[in-house]
Number of protein chains: 2
Amino acid sequence: MNFNAITIRDIAKELNLSVSTVSKALRDSYEISEKTKKLVIECAQRNNYRPNPIAQSLKQGNSKSIGIVVSTIENQFFAQVINGIESVAHKEGYNVIITQTHESYDLEVKNVNHLTSRSIDGLLISLSTETPDVEHLKTLHAQGLPMVFFDRVTEDINTHKVISDNYKGAYDATKHLIDSGFRRIAHITSPPNISITKERLAGYKAALADAGIFTPDYYICYCPHGGRDISEIENALNFLLNLKDKPDAIFTTSDRITTTTIFLLNKLKVAIPADVALVGYTNTTLADVLNPPLSSVHQQGFEIGQKATEMLLSLIKSKWPVTEFETVVLPTHLFIRESSTKTKK
Amino acid sequence: MNFNAITIRDIAKELNLSVSTVSKALRDSYEISEKTKKLVIECAQRNNYRPNPIAQSLKQGNSKSIGIVVSTIENQFFAQVINGIESVAHKEGYNVIITQTHESYDLEVKNVNHLTSRSIDGLLISLSTETPDVEHLKTLHAQGLPMVFFDRVTEDINTHKVISDNYKGAYDATKHLIDSGFRRIAHITSPPNISITKERLAGYKAALADAGIFTPDYYICYCPHGGRDISEIENALNFLLNLKDKPDAIFTTSDRITTTTIFLLNKLKVAIPADVALVGYTNTTLADVLNPPLSSVHQQGFEIGQKATEMLLSLIKSKWPVTEFETVVLPTHLFIRESSTKTKK
DNA sequence: ACTTGTTACTAAAACGATTGCGTAGAAATA
DNA sequence: TATTTCTACGCAATCGTTTTAGTAACAAGT
């Protein structure tokens, strides 16, 4: 099947012109007379000619496409980030290739290799929860592949980064729970190796410390796969709910963990917020309609995507090796709904 | 920035071999001695050589990538379809380029043009709600671009298609409402021009007819943009709830319409199902956790994506023009939850 | 000694578009 | 008329890889 067979050569043959004349005519070169240009353009349109982008890429040395690596697009946060990325990329004539790691390190490596072997001009990446190191990216970075990290970033590679103010988001959420009268506030979170976990954990701890509330370490539960498997959260909840100093509130990170927590609490007939209050990081548009309406820390997903893409494009377009890098931090917003409202028992 | 500069020519120079020898050695050709192969491979690895995929594409005449057009990946149904697509595509060495129409016809045309001008080997497309005709696809189809439709299909182009059993899904949902004792069953749906609307509408009507229930036409509300804007559903609900023969149940199609309906009914303090029962098409994983838990028609999104991709790849790989086309219909599943359970008032 | 075969390689032509350089012919200038 | 300057186009190289069509060098068969 050879789709789109018509080439610049076919036009040249049809009009008895040289290939270069046709090319130049189509690119509106001053070297070509108006008459010939008109002739060529008319012929091109009539034959529905489209320049072969692969040939153009080969000649020009770029592919006009950027690669994206996220954990999963089923997560609304990433879907929103991707929308932001596309909005900027398309405007600049770049298209995007989206890949998903499903939190797996292996898949992350495979996707990155696949993307680079498909020739991308730059990479936007949010690390997988299972990623232990970034050696697979360091080589590429050293070779000069422009990359920008967002959401889950690494300190081991010096480049542009875009993140939410995870510390403050967690601080605000925890403080809100404290202000609402909760004292035994547990935390279910992603693995401790990824950046968002550390930052949010720090915010959580700081809010508790600032309020002078002592919280035992076992109130902090890590989900090895970031909540990919329901059992991770089941285990955490079973543990927490069976403590003799059972928490009266839970602060969760990540969409998946948050929504699974509310699902499981409902299933276990644990009343929210009467038995346990809940505040979680999530970008789902359904927070209002959940049972109960979910208090949530919302991130500016779309804007994160936009900013990261702008930075990536600036790297791609830069004629000089860039050495000054920036980490942009976007604010989060706490939406208070019923799941964290203190009720009289 | 020239990333990944080392080419087959550099290796040839370094080893004092010809370019073709190096190429053949790397491709493990029988024409090259083991000694030379070893030499070349060692040199390639040492220099971290990667074949330039653009040059390969140009030579081989394919890009090993397929284009996807959906309305929005924020819709979990499409996210799941895409996961299915990727699972098959990546296994076969293809990567995917995802584009979104946000239900706009203009964007659909732009995306399709963009994809084809980026050289894709095939196209997977679910039509936008606003798409009035498929002229923009007919040309491409005529030129031989392999394409497979899924979800929202057209009769005007003869190719493979993969859809859910929309008729039966709607029939089952409506029948369930009837069986639960509801009689005045309204329908909020997408614009009448797209296939899923027609099919689901037919199922809805058939179930009512089979039960001998007369339903006025004004019980059927169309959302011009498939529920993209909240006002579309607000208008529909305002209209329905102010009727003197106000419906006692609503059947909604599409994720967006369904979740927005439950949001608005909650906001309007209309009790579900006491005042109005609700069954909707949705693939959200949160149906269980909504307030109230949402009865829903669930589609096999992942499987739709898989099947569509298998069919597309068979078209791409076919040496002969394919003339026999197939429409695969996958079953839907009705999950009964509280939103459609008859309660005593 | 002469054909025939095999091995292990190279030269060159693709793929399609772009571009620097060259040039025929016309027009302008000396 | 001779020379220079334009105009409008063509030639050929280029991007990096693959592939076809060779071809030396040597061995084996007749």
K.L.:
Is there a side-chain contact between B/Q56 and the phosphate of D/dT18, meaning an N or O under 4.0 Å from OP1 or OP2?
P.N.:
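Answer is yes, contact under 4.0 Å.
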K.L.:
Using modelled atom types and a 3.5 Å cut-off, is there a donor and acceptor pairing between side-chain atoms of A/T99 and backbone atoms of A/I68?
P.N.:
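Pair found, side chain donor or acceptor close to backbone of A/I68.
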K.L.:
Please state how far atom NZ in B/K35 lies from atom P in C/dA8, giving the value in whole angstrom units.
P.N.:
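One finds 9 Å between P of C/dA8 and NZ of B/K35, rounded.
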K.L.:
Using a cut-off of 4.0 Å on non-hydrogen atoms, how would the nucleic acid contact of A/I54 be classed: base, sugar-phosphate, or nothing?
P.N.:
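A/I54: no heavy atom of the nucleic acid under 4.0 Å.
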K.L.:
When you get a sec, tell me which of D/dA21, D/dC9, C/dG16 is the closest nucleotide to the side chain of A/N52?
P.N.:
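Shortest atom-to-atom distance from the side chain points to C/dG16.
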K.L.:
C/dA8 base to B/S33 side chain: any donor-acceptor pair below 3.5 Å?
P.N.:
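Looking at the base of C/dA8, it does not pair with any donor or acceptor on the side chain of B/S33 (distance under 3.5 Å).
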K.L.:
Which sits closer to the 5' end of DNA chain C, A/Q60 or B/A55, going by the nucleotide each is nearest to?
P.N.:
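Nearest-nucleotide comparison on DNA chain C picks B/A55.
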K.L.:
Between A/T36 and D/dC9, is there a side-chain N or O to OP1/OP2 distance below 4.0 Å?
P.N.:
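A/T36 to D/dC9 OP1/OP2: side-chain N or O found under 4.0 Å.
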K.L.:
Are OP1 or OP2 of D/dT17 and a side-chain N or O of B/Y49 less than 4.0 angstrom apart?
P.N.:
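B/Y49 to D/dT17 OP1/OP2: side-chain N or O found under 4.0 Å.
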K.L.:
Can a donor-acceptor pair under 3.5 Å be found between the side-chain atoms of B/K59 and the base atoms of D/dT17?
P.N.:
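When only heavy-atom distances are counted, B/K59 does not reach the base of D/dT17 through any donor-acceptor pair under 3.5 Å.
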K.L.:
Of all heavy-atom pairs between B/N111 and B/Q100, which one has the smallest distance, and what is that distance?
P.N.:
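Residues B/N111 and B/Q100, closest heavy atoms: ND2-O, 2.7 Å.
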K.L.:
Atom NZ of residue position A/K110 - does it have more than 12 heavy atoms of other residues, nucleotides or ligands inside 6.0 Å?
P.N.:
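Open.
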K.L.:
Search all heavy atoms of A/T309 against all heavy atoms of A/I85 and return the closest pair with its distance.
P.N.:
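That closest heavy-atom pairing would be OG1-CA, 3.2 Å.
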K.L.:
Establish whether the base of D/dC11 is bridged to the side chain of A/S20 by a donor-acceptor pair shorter than 3.5 Å.
P.N.:
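Looking at the base of D/dC11, it does pair with a donor or acceptor on the side chain of A/S20 (distance under 3.5 Å).
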K.L.:
Are OP1 or OP2 of D/dT18 and a side-chain N or O of B/S23 less than 4.0 angstrom apart?
P.N.:
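The answer is yes; a side-chain N or O of B/S23 sits under 4.0 Å from OP1 or OP2.
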K.L.:
Does the D/dT20 base have a donor-acceptor partner in the side chain of B/K24 within less than 3.5 Å?
P.N.:
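When only heavy-atom distances are counted, B/K24 does reach the base of D/dT20 through a donor-acceptor pair under 3.5 Å.
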K.L.:
Quick one: is A/R27 getting a side-chain N or O under 4.0 Å of the C/dT19 phosphate, OP1 or OP2?
P.N.:
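Yes, A/R27 has a side-chain N/O under 4.0 Å of OP1/OP2 on C/dT19.
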